Amino acid sequence: MPELPEVETVRRGLEPVLAGRRIARFEQRRPDLRFPFPERFAERLENQTILTLGRRAKYLLARLSSGEVLVMHLGMSGRFTITLPHQGKPQLLGDYTYDTGADPAHDHVVFMMEDGVTVTYNDPRRFGCMLLISEQELDEHPLFAGLGVEPLGNELTPDYLATKARGRKADLKAFLMDQRIVAGLGNIYVCEALYRAGLSPKRVASCLANGSGWPTSRAERLVPAIRSVLQDAIDAGGSTLRDYRQADGTIGGFQHTFSVYGREGEPCLTPGCRGIVQRIVQGGRSTFYCGKCQR
DNA sequence: CATGCCCCCTGCACGC
DNA sequence: TGCGTGCAGGGGGCAT
């Protein structure tokens, strides 16, 4: 799944075809994804103009002229495909060129914009979701109320991490995976950030604070590690695992830059380190790290 | 409140 | 070729 860099990449890909455009028709092909689709979903979308396409954590937020916000999450396998209209040919829903290689059986939702551009949401595992929430209620909605800081914003500081980590018994991996602490990190980028910071994923989270609650040098290292790995990934257009593609059909390249993720048994890339990347399981999910240079 | 585990679902790689 | 197993980028819900 798309973690923050992939969602941001998708947002940037969709923005030019969605923002400022009216949804002419909307097609919903099944009753639900992770949650049931909203009541009267198509009615509430059709003829609305998408004012802006934003992102919070791993959620895409399409602000509509009606005052509602279309909230979209890609889960593990969600993706969008943009299809341009055939030249000189009326573009009808269901009559579009499918160009991603994805199984059309999992095309659950189709947006047709006023200019004939089609945006299709495909999600084999259906862990994604779409919700309509009024703009006023967005911040108080259960999905958003508890979210932690945006890692690329100004609020992620060593002080913040130390405050949140103080007294925590969970390990660093679980702490950073917790969306209530830092919103948008996932399995890949937590592993990569901990590598960049030289911190073991098994270390207790409270090691980010000292006895007085002030940040330790570990917290000081972790902040730039998180920021840089996310920014580098965004700059590379996200990571492409299996058949994930960007909204415009091109493929992100950050997976070629992974230092530890998916590299079990391979040599650590830290200059001079003779360690081997190992895979362990934490909270039921794979963690990759070098036990030699990540302490 | 914090923590850990299960589950939702499909596709794919692997070993036999 | 077929089949069983384990694994996959998330996160809600529940028991403890």
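A, B, ... follow the sequence lines: proteins, then strands. Residue 1 opens every chain. These numbers were taken from a predicted model, which means no experiment stands behind them. The basis for the numbers below is simple: all heavy atoms, side chains too, and nothing from hydrogens, waters or symmetry mates.
- Put simply, A:R126 has a side-chain N or O that comes within less than 4.0 Å of OP1 or OP2 on B:dT10.
- As a whole-Å value, the separation of A:E3 CD from C:dG11 C1' is 13 Å.
- Across the P atoms, B:dC7 and C:dT5 are found 16 Å apart, a figure rounded to whole Å.
- What separates CG of A:N122 from C1' of B:dG11 is a distance of 12 Å, to the nearest Å.
- Heavy atoms of A:G186 sit under 4.0 angstrom from primed sugar atoms or phosphate atoms, though from no base atom.
- As a whole-Å value, the separation of A:D123 CG from B:dC8 P is 16 Å.
- The number of heavy atoms from other shown groups lying within 6.0 Å of CZ (A:R180) does not exceed 12.
- For A:K58, the side-chain atoms get nearest to C:dG10 when compared with the rest of B:dT3, B:dT10, C:dG10.
- Distance check: A:L132 CG to A:M72 CE gives 10.0 Å after rounding to the nearest 0.5 Å.
- You'll find that the side chain of A:R285 is closest to C:dG11, out of C:dG11, B:dA2, B:dT10.
- Between A:Y195 and A:T270, the side chains place a donor N or O and an acceptor N or O closer than 3.5 Å (distance only, hydrogens not considered).
- Side chain of A:Q179, nearest nucleotide from C:dG10, C:dG12, C:dG11: C:dG11.
- Side-chain polar atoms of A:R196 and A:S228 form a donor-acceptor pair below 3.5 angstrom.
- There is no side-chain donor-acceptor pair under 3.5 Å between A:S206 and A:R168.
- Residue A:R279 has its side chain nearest to C:dC7 when only B:dG4, C:dC7, B:dG11 are considered.
- In terms of heavy atoms, A:K292 sits closest to A:C273 at CB-SG, 3.9 Å.
- Of the candidate nucleotides C:dG12, B:dG4, B:dT10, C:dG12 has the atom lying nearest to any side-chain atom of A:R34.
- Atom-to-atom, CE of A:M76 to P of B:dC12 comes out at 15 Å; the value is rounded to the nearest Å.
- Side-chain nitrogen and oxygen atoms of A:H106 include at least one within less than 4.0 Å of the OP1 or OP2 phosphate oxygen of B:dG11.
- Distances from the side chain of A:N187 to the nucleotides C:dG10, B:dC9, C:dA8 place C:dG10 closest.
- Distance, A:D103 CG to B:dG11 C1': 10 Å, rounded to whole Å.
- Hydrophobic cluster of A:V69: the remaining members, joined at side-chain heavy-atom separations below 4.5 Å, are A:F35, A:Y59, A:L61, A:V71, A:L131, A:I133, A:L138, A:L143, A:F144, A:L147, listed by chain and number.
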- When Watson-Crick pairs (N1 to N3 and N6-O4 or O6-N4) and G-U wobble pairs (N1-O2 and O6-N3) count only below 3.5 Å on both distances, what is the dot-bracket string of DNA chain B, with | for other-strand pairs? .|||||||.|||||||

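- Under the 30°/60° scheme for interplanar angles, the aromatic rings of A:F41 and A:F37 are found to lie parallel.
- Within 4.0 Å (heavy atoms only), A:F175 reaches no atom of the nucleic acid at all.
- The side chain of A:F127 approaches B:dC8 more closely than any other nucleotide in the set B:dT3, C:dA8, B:dC8.
- A:E3 and A:N187 get closest at one heavy-atom pair: OE2-N, 3.4 Å.
- Counting distance only, with no hydrogens placed and no angle test, the side-chain atoms of A:R125 and the base atoms of C:dA8 include a donor-acceptor pair under 3.5 Å.
- For A:S286, taking side-chain heavy atoms from C-beta onward, the closest of the listed nucleotides B:dC8, B:dT10, C:dA8 is C:dA8.
- In this structure, of B:dG11, B:dC9, C:dG11, it is C:dG11 that holds the atom nearest to the side chain of A:H73.
- If you take NZ of A:K173 and P of C:dG11, they are 13 Å apart, rounded to a whole angstrom.
- If you take CD1 of A:I181 and P of B:dT3, they are 8 Å apart, rounded to a whole angstrom.
- The side chain of A:R168 approaches B:dA2 more closely than any other nucleotide in the set B:dG11, C:dG10, B:dA2.
- A:R79 places its CZ atom 20 Å from the P atom of B:dC9, with the value rounded to the nearest Å.
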